Each structure stands twice: as structure tokens, then as C-alpha cells.
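This report concerns only the one structure given below.
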Amino acid sequence: MSNHDKERQAEQRRVEYVEDQIETRISRLESEVGTIRGDVVSMRKDFWDEVTVNFSEADDVGETSTSLRQQSEVLSEREKRHQLAYNSLVKLRRLQQSPYFGRIDFAEQGENGEAIYLGIASLLEEDDETFLIYDWRAPISNLYYDSVPGPASYETPSGKIEGEMTLKRQFVIRGRDLKVMFDTGVTIGDELLQQVLGRSSDAQMKSIVATIQKEQNRIIRNDTSRMLIVQGAAGSGKTSAALQRVAYLLYKHRDTLRADQMILFSPNPMFNSYVSTVLPELGEENMLQTTFQEYLERRLGREFQLEDPFVQIEYVLSGEEDESYQARMNGIRYKSSLLFFEAVGRYKALLEKKGMKFKPLRFMGREVVGAEAISERFYAYDPAITLANRCELLKEWLLKEIAAFGKEEVNQPWVDEQIQLLDTEDYQRAYQRMRRQQQKSNSQFSEYEEERTILGKMVVSERLKPLRKWIKSLRFVDVTKLYCQLFEQSEIAGEVHMDALPEDWSLICGRTISKIKAGELFYEDITPFLYLKEMILGFHSNHAIRHVIIDEAQDYSPFQLFFLKRLFPRARMTALGDLNQAIYAHSSVLQQSSVLTDLYGSDNSEQIVLQQSYRSTREIVEFTRGMLPGGEAIIPFNRAGEKPEVIVVQGQDDLYAQIKQDVAVLRNEGYESIAVICKTAEESKEVHEHLAKDLEARLIKKTTLSFEKGVHIIPAYLAKGVEFDAVLIFDGSNDKYTRESERKLFYTACTRAMHLLHVYSAGDPSRFITETDTQSFVRK
């Protein structure tokens, strides 16, 4: 028997030993959890039976309070024990499926060597002193990801530990069975990666702790940068690494950091579902997840109908026939830029001296306080006081004005009319209030007159309640007019925009104001509008959030990133993106790395570039990178597959027939997730109507909340961030994809494929295909 076979047998025996340990503890914990749960249920049911309740004397009240507190503490202790036992049980069940994935033998200087096994969680021997499994996030585990056999070191909270690594071994274990074992001198052997990357795509993203690469490990364990920028090729593992980073930070800072202090901004709601299982799989709670659009809706959705980024991109892709199309494009670029961000800042400084707009206070059609009077009061305050604080002072003044107005209004004839309409309950309340006032003053007066006064005050106070609420919410500041003023007054434009205005400015202004008057906001106006509102009324900063992760960061404008920094002033930020997938009309924050480093300063920022693509086969990566200037920098992982096929068809009927036929074949061959990727939502809808007659296919919309296996028909911009076993590009002809602005959209669509890519073309294929190396695809 060879040494390798002997070692494999020894490793198999260890797997069985560890599994026995896990099974024994699971059995014990299941019994313990059941017992404690029964105790908790019983205690909750009989809680009041165990408490002595007596309020007849002062001493009895104290005794009752003590009894309540003691019983509550006992119940709380049982509930905590139950939660701890249950969490341990969940961790053991995860380990039972695959207890560990790696081993390193490390000898610290001057010490004997130790075999260290790595898994998704730690496991100790029964003596609680010897580790059977180390958590992949433990400091010593870093050796597995970053070092090769030979001299090695790792950092701990108490300093650097140096020594020698004599072995690095990788496993694939399923339950009690050691499936694969091999020694390696690099971070992750190709054999293990081949196994992981060669399987079918899943409905949810999976943990990658067993296959973390050295450059991904830099992302995960970076704990010093205030701004971490990750520029990575499609399929390079950006998002996976970011989620493992969250798990690592929660583990390392478990005494000071909670999952609800971290937030992920996703590209769309479906993506939230796609990544929702990663952290629970690693034993951590999910962080907060939202989209930037959902945040904007919460802040401004009641005031305006907000355009979302998907409606905007639909216009960008299909609105060329609109005579003001170019003006809209210019407007999008300018309003999303740092130039406009700085212009809004200058505008705010200008408003400190002049130009504020207010709404008059009106009551029953009458003007109580005019807009000019409010403005005069506003600018009478000390100029050193901020806009937001002056608005607060105005609020207090206006509430006093309303109070004085209410006192005068009590004797108006309309009040008597309203008194007649009051119900019995209102009269009863007025009578009780009158009796209390008589007792306090110890005097006699006309009950009728007093009752009329009290009822009058009640009527006026109730009628003024909406106006007081309106004032307290600072609605008297006319933010809408203030934003419109940026586009209406030429003298303001000269002071604020500093000769940076784009072409067609007058047309841009006209469209912006018309949209706002209709109660709507273009997507490119939402963040600037909210930013101006925040600067005037006071910023709604969130100081609780400690880490912000922005996925698909290339889709964010510089304006939006600077706004997010203001929104989360205490947070560290991780921005993940791929400039080659920047498909929106505005300039991307990734186009100028200085924009991101300027957020927190170059000393507090770090940029990591991931050039290797793991998602797709080598053939697909070689084809897709040929579409990009500088695409040769993208390195395909050495996983072989079929060359992409470019299938030219004659007309729409032939196109639909070919796709139906190919989908049926692919499903029979075992492809579990197949995407028919279209250019726009409108095209996706039409394709779904045609294909759904013969195929069970799901239409993915911007409102789709979950990602599942099966056949999907989806617009290219919604497919970002997810992957499919097979991708069929619907009509990749030159008629559909020819503008330079569509290059990255086409690239994004093609890079969703893991194992197979077919591009159908009704006529000549897109120039993005024909300009690539003809040896990189098969034309049919």
C-alpha cells in the first residue's frame, strides 16, 4: 500500500471520528433543546401562577415587584440557554454535512508541529481544550489561504507568529465519506476549483470558504481601509468575497459589531434573494439588504412619482427617436456628476444669503402667515446659523403664531356651527375639563360661557392640528421651488454652475421643470433633489451603520456615492464593481479611481483588482473578453467547455423556433438554469408571450423578488450579478447591438453564462462579435 493510500485511510478514520463526535453532541443537544423548550413553554404558561400578587399594602407591593422580577429573570435565563443550545445544534448540523475542507501542518518556532483542520465553524474535543476543527476566519487559518509550504507567518491580536508550514492538504467530504484528498503548494488546487465551478448554478449563491483565492482573501480580511474598492472582471468572485468579508468581520468583532450594523446595497430585489443564504450558511445572521431605489422611495415616494434606474435605461436603450433624446442624455450625465454635486453645494451657500422659498400658512382659505413674512423672518436670523437650524427656529416661531391665531379664532361664527355638530362624547370631555378648572380656581362662573369657551378651543385645536403637523414637518419650506430655481433663473445658474453647463441646457431645464410640475422626478434628479432637501432641512444621517457594501458600484454615479457617504458618516465602505459592466448613461464612479479615494482620502483607501474570471469556461471568457478594449487583461480559469455558438437565423419566426428547439435539448441534457437574455423589458415581454406557449418559462421583471432554477426570460440589465448554466442571447444582431454605448450591455449579457453560450442573430451578428477573433466562436 502506497504512502498516499495509508494517509488517505488515516484521514478517513479521522473523518469518521469527527462525525461520531458531531453525532453524539447533536443527539445530546436535541434532547437538551427539547427539554429547555418545554421548560420555557411551561414557565410562560404558568408565569402568573408562580408570582405572588398583592397590592393592598406598600410592603406587599414591594414583595410583588420582587416576585415578578425573579420569575422574569428565571424565564430569561432559560430562554438564553435555549437559544445558545439551538445555535450550537444548527452549527453542528452544518458541520455534519461537511466537517472540514482543509488541513495545514504548522510548527511555530521552537514548538512541535500541529495538524490544523479548517471548516466553516470551530469544534473542540470534549475536554474543550483541543481543536478538532478551526473556524476558517481564525487568525491561523490565514496560512491556508495566503501561504505555501515553507517558512510562514500569520498575524494575531498579540502579534506576528512565525514558523514553518510543512503540509497543505485539501478535502472534499460529504458526511462520513472522504471523496477527494490532495496536497497542494498553492492556495486552492485546480482540482477542487474544477469540481466547484463545474457544477450547475444554484438558486442561491453559495459560500466559497473552501475555494477562497489569495486575492479574494485580501478583500475578506481587510480590516484597515475606510474605503475598499474592488474592481473585478465578470465572474471573478467579487460579491462572494464581499459576503465572506461580512462573515469575517462579524466573527472578528463579535463583541462590538452586529449584523444589523451592516448594510448591502444590491442592484435589484431579485439579487437580495440570490445572496440571502450565504451568511446563514456560515452561521451568521443576514445583514440589512436593500436597493438604493428602495431607500429613495422611502424618502421621497410620498411626494413624487419616482422614475427608477430600469425605466431610465429602457429609455436610454430604446428612446432614440425622441427629439430631445440627446438633451436627456446630456442632462443625465451632468446631474450625476461631481460638477453638479459641487453646484448644489454652492447653491446651498447662496441660499444662506438669499433666494429661500417658502409656502404661506393658510387656514380655511385664509392666509395666516405670508411667504414674504416667513422669508423676512428667516433672513433676520444671525447669518452664522445654518440653514437647517434657521428652519428649526422658523418652526418654533410659526407654531407660536398659530397658537396666537387659534386664540383669536375661538370666537368666530364658524366655531359655533362646528360646536353644534359635536357628539355627546365631546360634550362630556368639555364638561369634565370645566369641572377641573372650577376646582383648581375655586371660583364660580357662568357654566354656559365656560362650556362655550372650552368647546370652541377644542374645535379650533382639532381643526388646526393638520397645520401644526405640517409646520413641525417643515413643509413650509418649498424645496420643490428651490430645486426648480436651479433650472429657472439665469442669475442663479451663473453663480452656481460656474460655466459647466452641458449642451441643450435650456431644453434640459424645460423637461426637468415639466416633470416636477407633473409630480414626478427623473431618476437623475432624485438624489440631487434629496441632497438639497437634506442640506436645507437637516441631514438624516445614520450613525448606527458601521459597514456599507455597495454591489455593482459601477452603476452608481459620483453624486450618489458622495451622498451615501453623508448618509452613513461613521461607516466603512466596500465598493464592488466592474467598469466593463457600466451600462447606465451616467458616468461611473469606477471611471475615475480618484473619485472613490477622495471620499475618505488616499491614506484610508485601498483598491484591489481581480483579473481572473472563474464563472465561465475558458472558451466563453476568451470570447467575451475579445469584445472589450483591454480585455486581454482578463484571465480565464482553465476549465474547458464548448466554444460559444453564433447562430444566424432568417427572421423572427425562425428565431423563435430555433430557441424553442435548443431550450428543449438543453433541458434534456440536464441544464438546470437557462436564461434567454433580451435587450429590454419590452422585448423580454414579447419573447415570453411567444415562448410560454410551448415552454415553461418565467418572465423576470424589475419587481421579481426571488431567483429560482428553470428557464428565465430576462432583460440584460436585470441579469447582472447572477449566473446561469446556459445563456441564449435573443437577437444579438447588429441591428440590436451596434452603438458603442451598448457594448458593455452586450458583454454583461454574455458573461452570465457558466457552461454554455449561444448568441442568435436575426441577420448580421453584432459588430461586437464580428470584431472579435473569429476562432473564439463557432458560427452557424
Side-chain angles (χ1 to χ4, degrees), residues 215-232 236-250 252-253 256-267 271-272 275 278-279 286-296 299 336 338 341 527 530-531 534 539-579 581-582 586-610 721:
E215 66 273 18
Q216 294 169 335
N217 198 40
R218 283 181 60 205
I219 299 167
I220 293 166
R221 295 177 188 259
N222 181 298
D223 198 24
T224 57
S225 302
R226 188 82 190 276
M227 163 59 84
L228 179 61
I229 307 153
V230 181
Q231 159 64 43
S236 57
K238 299 181 293 294
T239 303
S240 295
L243 293 172
Q244 319 301 310
R245 170 173 166 75
V246 170
Y248 171 76
L249 292 170
L250 288 171
K252 183 176 181 181
H253 303 288
T256 58
L257 183 65
R258 303 187 312 272
D260 62 4
Q261 293 176 307
M262 310 180 84
I263 187 168
L264 168 67
F265 281 93
S266 302
F271 187 82
N272 286 338
V275 301
V278 174
L279 287 172
N286 262 323
M287 68 191 121
L288 302 175
Q289 292 176 225
T290 188
T291 66
F292 189 54
Q293 183 67 18
E294 285 172 346
Y295 171 77
L296 295 175
R299 295 299 313 279
S336 306
L338 277 183
F341 181 84
T527 307
L530 183 56
Y531 180 56
E534 298 276 86
F539 234 87
H540 286 66
S541 298
N542 187 323
H543 293 272
I545 295 296
R546 305 287 298 282
H547 285 266
V548 176
I549 296 94
I550 300 174
D551 204 1
E552 304 293 348
Q554 75 279 351
D555 294 342
Y556 287 75
S557 70
F559 201 124
Q560 290 170 335
L561 256 290
F562 273 75
F563 175 79
L564 282 173
K565 184 199 172 185
R566 286 288 301 269
L567 183 61
F568 303 107
R570 290 188 61 205
R572 295 172 184 265
M573 190 176 287
T574 303
L576 320 156
D578 177 11
L579 188 55
Q581 297 181 67
H586 57 247
S587 62
S588 168
V589 290
L590 295 184
Q591 282 178 310
Q592 302 173 6
S593 58
S594 62
V595 170
L596 286 172
T597 53
D598 284 350
L599 276 173
Y600 297 101
S602 57
D603 292 342
N604 296 315
S605 304
E606 182 176 353
Q607 180 163 355
I608 297 174
V609 178
L610 302 178

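Computed from a predicted structure; not experimentally measured.
With sequence neighbours excluded, the residues forming a side chain to side chain contact (heavy atoms under 4.5 Å, CB included) with S541 are F539, H543, P569, listed by chain and number. A571 meets the side chain to side chain contact (heavy atoms under 4.5 Å, CB included) test with I545, V548, F568; sequence neighbours excluded. With sequence neighbours excluded, the residues forming a side chain to side chain contact (heavy atoms under 4.5 Å, CB included) with A247 are W136, R137, L279, L282, E284, listed by chain and number. Evaluation of the ring pair (Phe, Tyr, Trp, His ring centres under 6.0 Å) rule for Y556 yields F292 as partners, not counting sequence neighbours. When the side chain to side chain donor-acceptor pair (under 3.5 Å) test is applied to S266, the partners found at least two apart in sequence or on another chain are N272.
Put simply, the side chain of L249 reaches to within 4.5 Å of the side chain of H547, judged on heavy atoms. For the pair L564/I550, a side-chain contact is recorded, criterion being any heavy-atom separation below 4.5 Å from C-beta on. Residues I263 and Q289 form no side-chain contact, since every pair of their non-hydrogen atoms from C-beta on lies 4.5 Å or further apart. No side-chain heavy atom of R221 sits under 4.5 Å from any side-chain heavy atom of K252. Put simply, the side chain of L530 reaches to within 4.5 Å of the side chain of L296, judged on heavy atoms.
For the residue pair T291 and F265, the shortest heavy atom distance occurs at C-CD2, 3.9 Å. The minimum heavy-atom distance between P558 and S587, with the atom names listed, is CD-O, 3.5 Å. The shortest heavy-atom contact between M287 and V246 is CE-CG2, 3.7 Å. When all heavy atoms are compared, the tightest approach of L567 to H540 is CD1-O, 3.3 Å. Shortest non-hydrogen contact noted between Y600 and S605 is CB-OG, 4.3 Å. Nearest heavy-atom pair across A553 and S588 is O-OG, 4.4 Å.
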**Message:** I'd like to know whether M573 forms a side chain to side chain contact (heavy atoms under 4.5 Å, CB included) with L228, so could you lay out the CA-CA distance, the side-chain angles of the two residues, the decisive distance to 0.1 Å, and finally the verdict.
**Reply:** CA-CA 6 Å; M573 190 176 287; L228 179 61; over 6 Å; no
**Verdict with reasoning, S225 to M227, per side chain to side chain contact (heavy atoms under 4.5 Å, CB included)** = CA-CA 5 Å; S225 302; M227 163 59 84; 5.9 Å; no
**Item:** From CA spacing to verdict: side chain to side chain contact (heavy atoms under 4.5 Å, CB included), I608, I229
**Value:** CA-CA 6 Å; I608 297 174; I229 307 153; over 6 Å; no
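In this structure, the separation between CD on E215 and OG on S236 is 8.5 Å, given to the nearest 0.5 Å. Atom CD1 in I219 sits 9.5 Å away from atom NZ in K238 (nearest 0.5 Å). To the nearest 0.5 Å, atoms OG (S557) and CZ (F563) are separated by 11.0 Å. The distance from the OG1 atom of T224 to the CG atom of D603 is 11.5 Å, given to the nearest 0.5 Å.
Residues F559 and Y531 bring their aromatic ring centres within 6.0 Å.
Contacts classified as side chain to side chain donor-acceptor pair (under 3.5 Å) and involving residues 561-577 (residues at least two apart or in different chains) are given here: R245-T574.
Residues H253 and D223 have side chains that bring a donor and an acceptor to within less than 3.5 angstrom of each other.
No donor-acceptor distance shorter than 3.5 angstrom exists from the side chain of Q581 to the backbone of D578, with no hydrogens or angles considered. Not one N or O on the side chain of Q244 forms a donor-acceptor pair closer than 3.5 Å with the backbone of A241. A donor-acceptor pair under 3.5 Å is absent between the side-chain atoms of E552 and the main chain of L576, judged by distance alone.
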